[in-house]
Participant: 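Submitted below is the structure of interest, expressed as structure tokens.
When reading the values below, keep in mind they use all heavy atoms of this one structure, side chains included, and skip hydrogens, waters and symmetry mates. FYI, the numbering just counts along the sequence from 1.
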Amino acid sequence: MNISTRGDTTLAQAMQVLRRSNVREGKPFPLGATWDGLGVNFALFSANATKVELCLFDDSGETELERIELPEYTDEVWHGYLPAARPGTVYGYRVHGPFEPDAGHRFNPNKLLIDPYAKQLVGKLRWGPELFAYKMDHADKDKSFDDRDSAPLMQKCRVIDQAFTWGASRKPETSWERTIFYEMHVKGFTKLHPLVPEADRGTFAGLANPSIPAYLRSLGVTSAELLPIHAFVDDSYLEEKGLRNYWGYNSLAFFAPEPRYLQSPMVSEFKEMVNQFHAHGIEVILDVVYNHTAEGNELGPTLSFKGIDNASYYRLMPDQKRYYINDTGTGNTVNLSHQRVLQMVADSLRYWATEMHVDGFRFDLATILAREPYGFDEGGGFLDACRQDPVLSSVKLIAEPWDIGPGGYQVGQFPPGWAEWNDKFRDTVRSFWKGDSGVLPEFAKRITGSGDLFNKRGRKPWSSVNFVTAHDGFNLNDLVSYNEKHNEANGEENRDGHSNNHSWNHGVEGPTDDPEIIELRERQKRNFIATMMLSHGTPMLLAGDEFGHTQQGSNNAYAQDNEISWLDWLGITSQGRSLREFTRKVIAMRKAFPILYRGRFFVGAHNEELDVKDVTWLSPSGEEMTTENWHDGNARCFGMVLDGRAQESGIRRRGSDATLLLVYNAHFDVVNFALPAVAEGKEWLGLIDTNQPEAQLASFPFGHNYAVTGRSLVAFGLSAEDSATRRLRQGVGSILEVMETPLPGT
């Protein structure tokens with residue numbers, strides 16, 4: 001055991017140091033710093049280290065009090081137990097070992113390191129050359145060795161007590177079929193919210209304000225998907241430009257909440273937020289980034305994993321281990337082929353699911369997590385670990401199924417039990433409503449659950465997460481207001497961000513006073529929202545789209561921690577309020593008619609007893625679409641009859657036998673659509689017309705030529721005086737009832 005003190009200490013402090021230094025061997029599990037009521041066990045994995053020092057700091061993390069060599073090494077885990085340590089103890093690690101970059105080893109005990117299992121971080125990382133294990137001005141850069149102490153610039157870890165009283169609230173456990181995601185940012189959602197106390201804005205405490213989950217519930221969404229909340233780092237090049245990593249896709253600690261989102265010094269603040277959301281029936285989904293870390297490539301800083309065991313934690317070039325495999329585009333790739341690294345990720349997921357009560361995870365660049373050294377493998381270690389784990393297999397798992405590595409695009413290829421972001425839905429729906437030619441057949445696939453991608457191995461339509469906008473790319477207002485990206489605020493001369501956006505400004509780039517353009521843009525917004533909510537699959541709405549928030553043409557606002565990204569609640573216009581009411585109405589319609597979220601794909605199945613099909617495609621004449629109709633590149637208007645009567649009786653649920661007619665017209669002009677005859681003694685009841693969002697639509701007889709306005713969507717329900725129709729009318733009534741519910745936060 002090697003014990004030394006740092007800095008001037010009083011006698012009392014010295015005695016405290018001696019009490020703390022009564023280190024015992026402890027246990028190699030669980031990994032991390034674990035308070036057991038009597039002391040704290042410290043355990044750190046490193047297969048290639050030669051010595052590990054536990055460094056203890058004062059409460060502020062500014063003064064290093066002592067270093068204690070962990071006395072035991074078991075199964076590649078260094079461990080020790082401090083009887084006198086308590087929750088609140090601030091610590092970090094210094095790890096000794098070879099500094100041999102060519103062999104993949106970058107140990108440097110002069111660099112203080114974050115515990116990969118740290119449950120809370122203290123302080124703020126300050127950039128400086130001391131954070132790098134090499135001398136930045138050396139000719140051979142990363143092969144040199146820097147002996148300066150990085151502790152003064154580093155964040156530290158804090159031991160926590162995980163005790164928390166959850167009370168009576170329980171996880172909502174919303175079924176996949178009924179799930180509606182709402183992608184939101186902790187700070188951006190609350191920073192300007194008038195009902196959130198100013199001191200709480202931008203934090204978990206702000207989200208825990210009852211008005212926030214009440215708003216989500218009133219809107220009709222079921223699951224809040226939070227952009228990354230794991231502790232992350234602001235890139236040095238952003239700080240130099242006065243910017244920040246606003247989105248947070250730059251993780252450093254997979255068990256610790258980001259300190260900037262804590263209004264109080266207590267991690268339990270996150271639990272209080274989750275508890276409040278659950279009390280309102282809203283699930284909490286975390287966007288997680290396990291594919292890379294904030295340490296970058298061989299020229300990046302040494303903050304944690306790189307200094308603990310670089311060769312284990314990262315994928316290195318097989319023949320040049322000095323360099324990193326960069327399938328993420330961020331400089332490094334986490335090595336989930338290593339059993340201990342895989343364990344860390346699985347432990348992190350279980351921690352957030354069990355200890356923090358979150359309901360699921362959306363995995364950034366998930367293809368990387370499923371990639372073994374030989375390529376993408378749905379039977380790889382990570383996916384197998386999730387599939388067999390009793391905790392992880394029971395929560396919602398959502399993949400972003402692409403990356404920039406070999407074989408990186410894997411939409412539809414994740415195993416059963418997973419949902420996937422479907423960018424084909426996004427791009428096809430955008431192209432259709434923009435009026436692109438030849439899109440109709442592809443559009444039909446996307447609005448019926450993308451069965452060509454997901455209808456296999458018992459996967460269900462909910463496997464397709466349908467979105468038109470997300471944090472990355474144009475939001476809804478800007479999608480209909482800009483032809484080109486406008487990312488100048490990022491300081492990269494507008495070179496960043498995607499250029500292929502399938503967007504359309506409708507005649508003017510950016511804001512306009514032209515009433516005709518404004519009217520068309522608003523209708524297009526309604527078209528996008530209605531298409532998404534009435535499609536088969538799991539819809540995802542981007543926060544602020546329901547009232548037309550703008551990012552001023554930016555499609556890559558990752559560094560904009562300002563009014564560009566923050567939702568302006570007090571600036572919502574009359575058009576924004578109208579759009580929000582329409583959004584609530586169409587979400588309520590989705591919930592009212594189970595046929596819109598039924599558990600089987602629409603495949604044209606025929607019910608011989610009733611002589612009906614589950615889906616029938618119609619041309620504007622009201623006749624069934626022909627091969628010629630499908631291949632007409634100029635066709636931009638068609639109808640879709642979803643007939644609930646075609647379902648097998650054994651799989652019906654209340655209201656699922658309702659029949660709907662959806663008419664999509666992406667043509668620039670009015671199309672007279674002949675309403676088809678589908679059953680005797682009935683008629684079509686108008687439900688939604690995106691050209692008349694607030695109108696009470698009438699009933700129409702079969703054969704009626706309904707004038708479908710150019711670029712609009714119309715929905716009808718089959719009406720008659722029987723039990724099915726009574727339920728239908730009750731469904732419409734529930735829509736109107738929801739519409740009368742006042743919205744908090746307005």
Side-chain angles (χ1 to χ4, degrees), residues 31-32 44-47 92-93 95 101 104-108 111-119 121 124-125 127 131-133 142 150 153-157 227-238 245 247-259 286-317 321 323-338 340-349 351-352 361 363-369 371 382 400 403-405 558:
L31 292 168
L44 179 74
F45 159 75
S46 180
Y93 287 113
V95 181
H105 301 309
R106 297 180 177 274
F107 295 99
N108 186 334
K111 310 305 169 184
L112 187 76
L113 305 173
I114 296 295
D115 180 359
Y117 279 70
K119 305 302 191 301
L121 297 189
K124 182 181 184 300
L125 183 139
W127 286 101
L131 295 178
F132 297 79
D142 68 299
S150 68
L153 304 181
M154 278 293 297
Q155 290 176 290
K156 282 77 177 182
C157 315
L227 265 67
I229 59 88
H230 289 169
F232 59 89
V233 171
D234 288 320
D235 313 78
S236 59
Y237 72 89
L238 289 178
N245 191 317
W247 287 350
Y249 291 91
N250 203 27
S251 298
L252 179 60
F254 298 127
F255 293 76
E258 168 53 37
L286 299 187
D287 192 335
V288 289
V289 188
Y290 295 110
N291 57 77
H292 74 280
T293 78
E295 292 187 301
N297 61 15
E298 66 276 2
L299 298 180
T302 296
L303 309 175
S304 179
F305 313 94
K306 188 179 289 186
I308 293 171
D309 195 344
N310 184 69
S312 295
Y313 278 105
Y314 294 114
R315 294 192 188 276
L316 307 178
M317 298 297 291
K321 293 187 177 181
Y323 302 107
Y324 295 76
I325 292 174
N326 185 21
D327 291 339
T328 65
T330 63
N332 65 56
T333 304
V334 174
N335 180 21
L336 266 75
S337 296
H338 191 288
R340 285 293 190 179
V341 182
L342 175 59
Q343 176 192 358
M344 175 189 70
V345 172
D347 286 348
S348 170
L349 292 169
Y351 173 77
W352 289 98
F361 306 93
F363 294 85
D364 180 62
L365 302 183
T367 301
I368 288 174
L369 308 182
R371 181 181 285 114
F382 172 73
E400 182 186 37
D403 64 32
I404 66 171
Y558 80 102

Participant: Looking at Tyr351, I'd like to know if the NZ or CZ of Lys119 sits under 6.0 Å from its six-membered ring centre while staying within 45 degrees of the ring's axis.
Facilitator: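 The answer is yes, since Lys119 meets both limits relative to Tyr351.
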Participant: Quick one, Ser312 and Asn335 - any side-chain contact, counting heavy atoms below 4.5 Å?
Facilitator: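 No, every pair of side-chain atoms sits at 4.5 Å or beyond.
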Participant: Verify whether the ring centers belonging to His338 and Phe45 lie closer than 6.0 Å.
Facilitator: yes
Participant: Can you check whether Val345 reaches Leu336 side chain to side chain, under 4.5 Å on heavy atoms?
Facilitator: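 Yes, at least one pair of side-chain atoms sits under 4.5 Å.
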Participant: Just by distance, no angles: are the side chains of Asp234 and Asn245 close enough, under 3.5 Å, to form a donor-acceptor pair?
Facilitator: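 Result is no, nothing qualifies.
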Participant: Does any non-hydrogen side-chain atom of Met344 lie less than 4.5 Å from one of Tyr117?
Facilitator: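 Of all side-chain heavy-atom pairs linking Met344 with Tyr117, at least one is under 4.5 Å.
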Participant: Here's a test for you: under side-chain hydrogen bond (donor to acceptor under 3.5 Å, both in side chains), which of His292, Lys321, Lys306, Glu295 qualifies with Tyr314?
Facilitator: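 When side-chain hydrogen bond (donor to acceptor under 3.5 Å, both in side chains) is applied between Tyr314 and each of His292, Lys321, Lys306, Glu295, only Glu295 qualifies.
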Participant: Quick one: pull up CG in Asn250 and OG1 in Thr330 and give me the separation to the nearest 0.5 Å.
Facilitator: 7.5 Å
Participant: In plain terms, say whether Asp403 and Arg371 are close enough for a salt bridge, that is, a side-chain N and a carboxylate O under 4.0 Å apart.
Facilitator: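 The answer is yes: the pair qualifies as a salt bridge.
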Participant: Compare all side-chain heavy atoms of Val233 with those of Trp127 and state whether any distance is below 4.5 angstrom.
Facilitator: yes
Participant: With a 3.5 Å distance limit and no angle check, can you tell me whether Asp235 reaches the backbone of Tyr237 through a side-chain donor-acceptor pair?
Facilitator: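 No, the answer is negative, given that no donor and acceptor are paired below the 3.5 Å cut-off.
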Participant: Would you mind reporting whether Phe254 and Pro116 have side-chain heavy atoms less than 4.5 Å apart?
Facilitator: no
Participant: Kindly state whether the ring of His230 and the ring of Tyr290 have centres lying under 6.0 angstrom apart.
Facilitator: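 Judged by ring-centre distance (under 6.0 Å), His230 and Tyr290 do meet the cut-off.
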Participant: Evaluate the side-chain proximity of Thr328 to Ile404: yes if any heavy-atom separation is below 4.5 Å, no if none is.
Facilitator: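 When only atoms from C-beta onward are counted, Thr328 and Ile404 do not touch, as no gap falls below 4.5 Å.
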Participant: For Arg340 and Asp309, run salt bridge (charged side-chain N to carboxylate O under 4.0 Å, His left out): C-alpha distance rounded to whole Å, both residues' side-chain angles, the deciding distance at 0.1 Å, then the answer.
Facilitator: CA-CA 11 Å; Arg340 285 293 190 179; Asp309 195 344; over 6 Å; no
Participant: Does Tyr249 have its ring centroid less than 6.0 Å away from the ring centroid of Phe232?
Facilitator: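 No - the distance between ring centres of Tyr249 and Phe232 does not fall below the 6.0 Å cut-off.
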Participant: Which residue, Leu121, Leu31, Asp115, Asp347, forms the side-chain contact (heavy atoms from CB on, under 4.5 Å) with Phe255?
Facilitator: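 In the set Leu121, Leu31, Asp115, Asp347, the residue that makes a side-chain contact (heavy atoms from CB on, under 4.5 Å) with Phe255 is Asp347.
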Participant: Between atom CG of Leu252 and atom CG of Leu125, what is the distance when rounded to the nearest 0.5 Å?
Facilitator: 7.5 Å
